[in-house]
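Heads up, the thing below is written out as structure tokens.
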Amino acid sequence: MAYSEKVIDHYENPRNVGGFDKNDPSIATGMVGAPACGDVMKLQLKIGANGIIEDAKFKTYGCGSAIASSSLVTEWVKGKSIDDAVKISNTDIAEELALPPVKIHCSILAEDAIKAAVADYKKKNQ
Amino acid sequence: MNYFALFNLTPSFVIDTTALAASYQQLQKLTHPDKFATASERDKLIALQKNAQVNDGYQVLKRPLSRAEHMLELRGVELQHEQKTMQDGTFLMQQMEWREQLDDAQHAVDPLIALEELDDEVAGNSKALIDELGTLLEQTNDAANESAANLVRKLKFLFKLRHEIELKEDALSDF
């Protein structure tokens, strides 16, 4: 299967790989996994007092599309409010990366990672 | 398609693998395309379809994970692997750690031993989950089915990891 140029670019030069201290109250951690392929994704967001995402890091074990999807969302969420970040949908991700139908679940995983991270943040700071 | 019925087996997670293999060989022989060389086109086609079913069914039933999935499908439980994202934080954190261990193994003093130790740990965990799955599948209520489906999803991660450990072992031994 041929990967699109954008997928290859994110796969070969992934943006924002790494992590933050998950016990820090300003850090939101989203852990998600895709049973279909066994991919595991960790997305962490550093959130300012105004609810704006200042930084994002990810660590993904999975195929090129899963890595590219998570790399892309770390770029997209920066500077967004958490309310806007959860509006990023898997179709936006799949479209940007030109993912083939069999890889749509990778974009679903990335979307769910944002939602899981924001849910974690809200739980921590309620 | 109920593969248990096809192979004349009682639907169960614990199966008699010898009986399965014997039944497979018999059905394989009965439906083999060679036997239908002089048959009508229609009979040829039916035999070919049946033969494909026999092969598919054997692959599904012989492995515990696909056997469990098939049992759940027959009970009308949708697994939805593609849509259903796993959100169990503790479980996923463990998956992350194991995958980090897999990455680190190549820098160990003896990478093959490091891989073997990791595989033993994951194999032990898989076995415990499979035992639990067997117990759950003996029940047929919705709650047990849902728990079984969840275990199948977890086992998919462990099987994938064990496959990756195996690939790494092959890469290391092959020089």
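Owing to the predicted nature of the structure, the values given are computational and were not obtained by experimental measurement. A note on names: the letters A, B, ... follow the listed sequences, proteins ahead of strands, and every chain is numbered from 1.
In the displayed structure, B/Asn8 atom CG is contacted under 6.0 Å by at most 12 heavy atoms of other residues, nucleotides or ligands. More than 12 heavy atoms of other residues, nucleotides or ligands sit less than 6.0 Å from atom CD of B/Glu97. Within a 6.0 Å sphere centred on CZ of B/Phe91, other residues, nucleotides and ligands contribute more than 12 heavy atoms. By the 6.0 Å contact criterion, CG on A/Asp24 is enclosed, its count of non-hydrogen atoms from other residues, nucleotides or ligands being greater than 12. Atom CD of A/Glu54 sits in a crowded spot, with more than 12 heavy atoms from other residues, nucleotides or ligands closer than 6.0 Å.
Heavy-atom distances place no part of A/Lys115 under 4.5 Å from chain B, backbone and side chain included. Heavy atoms of B/Asp88 lying under 4.5 Å from chain A are absent altogether. Contact of A/Asp120 with chain B is not made at all, since no heavy-atom distance falls under 4.5 Å.
Taking all atoms of both residues into account, the shortest heavy-atom contact from A/Met31 to B/Met96 is CE-CB, 4.3 Å. Minimum interatomic distance between A/Gly38 and B/Arg99 (heavy atoms only, all atoms of both residues): O-NH2, 3.5 Å.
In this structure, the side chains of B/Gln95 and A/Lys42 stay at 4.5 Å or more apart for every pair of heavy atoms. Annotation: side chain of B/Asp103 is in contact with side chain of A/Tyr61 (closest heavy-atom distance under 4.5 Å). Two residues are said to be in side-chain contact when any heavy atoms from C-beta on lie closer than 4.5 Å; B/Met86 and A/Val32 fail this criterion.
Linking Ile, Leu, Val, Met, Phe, Trp and Tyr residues whenever their side-chain heavy atoms come within less than 4.5 Å places A/Val73 and A/Ile8 in a single cluster. With hydrophobic clusters built from ILVMFWY side chains whose heavy atoms lie under 4.5 angstrom apart, B/Leu9 does not share a cluster with B/Val14. Under a hydrophobic clustering in which Ile, Leu, Val, Met, Phe, Trp and Tyr are joined whenever their side-chain heavy atoms come within less than 4.5 Å, directly or via other members, B/Leu136 and B/Phe4 fall into the same cluster.
For the atom pair CG of A/Asn90 and OG1 of B/Thr85, the computed distance is 9.5 Å after rounding to the nearest 0.5 Å.
For the set B/His163, B/Gln87, B/Glu100, the entry with the most heavy-atom pairs within less than 4.5 Å of chain A is B/Glu100.
With B/Lys160 contributing its side chain and A/Cys37 its backbone, the two residues share a donor-acceptor pair below 3.5 Å.
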